[in-house]
Amino acid sequence: MLLTRAAQQHGWKSVVCFVTQKEKPSNKLKKTKEDAKEVLNKFKEVIPTRENIYTIPNMLTFSRLLSAPFIGYLIMEHNYDVALGVFALAGITDMLDGYIARRYNLKTVVGSIIDPAADKTLMTIMTITLAMEGVIPLPLATVILGRDIGLVLAAFYYRYISLPEPKTLVRYWDFSIPSAEVRPTTISKVNTALQLLLMGCSLTSMSMAVPSPEIMTAMHWLVGTTTVWSGASYIYSKDAVRILKQSAK
């Protein structure tokens with residue numbers, strides 16, 4: 001009836017315009033829904049999501065972290081044989097956690113942080129104790145520790161600037177809230193492997209008198225060079241640290 005009256009009073013051209021006008025609210029509703037979805041997607045990007053940090057790779061990494069002070073204690077007690085065994089076990093867990101994380105897709109942001117942190121904790125404690133026992137030179141220990149201290153301070157800084165609001169102490173230490181991801185450089189991976197090799201050889205040199213002093217001296221120079229190189233790579237590399245949440249502009 002509505003269309004008939006409109007046709008009689010205004011003609012069919014007016015009816016077409018009338019129908020078009022009646023269709024506009026539905027188009028606006030559709031556009032509103034699309035805008036709402038876009039806003040929600042933006043909120044998902046801004047609001048940090050929590051991740052499951054209680055995975056097998058993270059547990060293995062944490063066990064390696066706990067083994068570090070025990071190895072240091074054994075070195076101070078001159079129990080090099082047992083220290084070598086625990087060190088080897090820590091190396092096995094280092095290989096396992098990476099394999100399991102890749103094989104079963106259990107990679108986490110916190111894992112990318114505590115894995116190198118566990119290596120560095122082990123390296124720091126062994127460097128200090130072996131230097132105290134005169135097994136490795138003090139200048140080399142200073143270079144290794146100086147680089148690691150710089151990286152730790154940088155990690156605290158990037159954690160703070162990348163943590164979404166509100167920046168509270170509880171949220172700062174809540175690593176289930178990812179904010180930044182550390183990406184070790186290639187030379188850093190090589191340096192870590194060489195440092196771990198040096199620590200292992202230092203233990204075998206005390207427990208089994210191998211390798212020879214000449215080889216150990218060559219390793220000292222090699223590790224010292226790669227340590228300085230890897231520290232510089234973090235300064236000049238643009239991909240070493242990736243901020244996961246950008247501040248709203």
Side-chain angles (χ1 to χ4, degrees), residues 48-73 83 86-129 144-164 167-200 227 230-231 233-235 237 239-245:
T49 57
R50 292 178 179 269
E51 61 180 2
N52 179 25
I53 62 175
Y54 302 103
T55 62
I56 293 178
N58 287 350
M59 293 298 181
L60 290 173
T61 302
F62 190 67
S63 68
R64 188 166 72 257
L65 188 64
L66 293 179
S67 70
F70 182 55
I71 294 175
Y73 168 78
V86 178
F87 177 76
L89 184 61
I92 293 174
T93 63
D94 192 16
M95 292 185 293
L96 276 178
D97 61 15
Y99 170 77
I100 295 174
R102 291 187 298 270
R103 176 67 176 80
Y104 297 99
N105 194 25
L106 294 175
K107 294 181 180 180
T108 60
V109 173
V110 68
S112 72
I113 297 174
I114 65 173
D115 184 65
D119 292 336
K120 294 309 171 188
T121 301
L122 179 61
M123 190 66 56
T124 300
I125 292 178
M126 292 189 68
T127 299
I128 293 174
T129 53
I144 294 175
L145 295 176
R147 169 190 174 273
D148 290 345
I149 290 173
L151 292 179
V152 169
L153 293 177
F156 282 128
Y157 169 73
Y158 277 109
R159 173 63 175 172
Y160 176 77
I161 65 172
S162 63
L163 183 67
K167 297 181 186 294
T168 63
L169 190 62
V170 174
R171 285 169 54 81
Y172 184 90
W173 294 106
D174 186 357
F175 292 110
S176 66
I177 303 176
S179 59
E181 183 179 12
V182 179
R183 294 180 176 180
T185 60
T186 302
I187 184 59
S188 178
K189 294 178 181 179
V190 172
N191 177 65
T192 299
L194 289 175
Q195 285 185 353
L196 290 173
L197 179 62
L198 174 63
M199 297 301 127
T227 299
S230 65
S233 70
Y234 278 104
I235 298 175
S237 175
D239 301 325
V241 178
R242 183 170 69 94
I243 305 298
L244 299 181
K245 182 263 176 187

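Keep in mind it's a predicted model, so treat the numbers as computed, not measured.
Under a 3.5 Å cut-off, the side chain of Lys167 and the backbone N or O of Tyr160 do form a donor-acceptor pair.
A side-chain N or O of Asn58 and one of Thr108 form a donor-acceptor pair less than 3.5 Å apart. Judged by distance alone, the side chains of Thr227 and Asn191 do bring a donor and an acceptor atom under 3.5 Å apart.
Ring orientation note: the planes of Phe156 and Trp173 are nearly perpendicular, at an angle over 60° on the 30°/60° scale.
Annotation: side chain of Pro69 is in contact with side chain of Ile125 (closest heavy-atom distance under 4.5 Å). Proximity of Leu65 to Ile114: side-chain heavy atoms (C-beta onward) are nowhere separated by under 4.5 Å. Within the 4.5 Å cutoff, the side chain of Ser237 has no heavy atoms near those of the Arg183 side chain. Thr61 is not listed as a side-chain neighbour of Thr93, based on a closest heavy-atom distance of 4.5 Å or more.
Scanning for side chain to side chain donor-acceptor pair (under 3.5 Å) contacts around Thr185 gives Ser233, with sequence neighbours left out. With sequence neighbours excluded, the residues that form a side chain to side chain donor-acceptor pair (under 3.5 Å) with Tyr234 are Ser188. Legend: residues meeting side chain to side chain donor-acceptor pair (under 3.5 Å) with Arg159, ordered by chain and number and at least two apart, are Ser179. Every residue two or more places apart in sequence or in another chain was checked for a side chain to side chain donor-acceptor pair (under 3.5 Å) with Thr129, and none qualifies. Residues passing the side-chain contact (heavy atoms from CB on, under 4.5 Å) test with Ala155, sequence neighbours excluded: none.
Atom CD1 of Ile144 and atom CE of Met126 lie 10.5 Å apart (nearest 0.5 Å). Rounded to the nearest 0.5 Å, atoms OG1 (Thr192) and CD1 (Ile187) are 9.5 Å apart. To the nearest 0.5 Å, the span separating CZ on Phe62 from OG on Ser67 amounts to 11.0 Å. One finds the OG1 atom of Thr121 at 10.5 Å from the CE atom of Met123 (value rounded to the nearest 0.5 Å). Put simply, CD1 on Ile235 and CG on Leu151 are 9.0 Å apart, with the number rounded to the nearest 0.5 Å. From Lys120, atom NZ reaches atom CG of Asp115 across 10.5 Å, with rounding to the nearest 0.5 Å.
Closest non-hydrogen pair, Thr55 versus Leu106, comes out as OG1-O, 4.3 Å. The shortest non-hydrogen separation linking Ser230 to Arg147 is OG-NE, 2.8 Å.
If you run side chain to side chain contact (heavy atoms under 4.5 Å, CB included) between Thr127 and each of Asp148, Leu122, Leu145, Leu198, only Leu145 comes through.
Sequence neighbours left out, the pairs with a member in residues 89-103 that pass salt bridge (Lys or Arg N to Asp or Glu O under 4.0 Å) are Arg64-Asp94, Arg64-Asp97.
For Ile56, the CD1 atom sits in a loose shell: 12 or fewer heavy atoms of surrounding residues, nucleotides or ligands are nearer than 6.0 Å.
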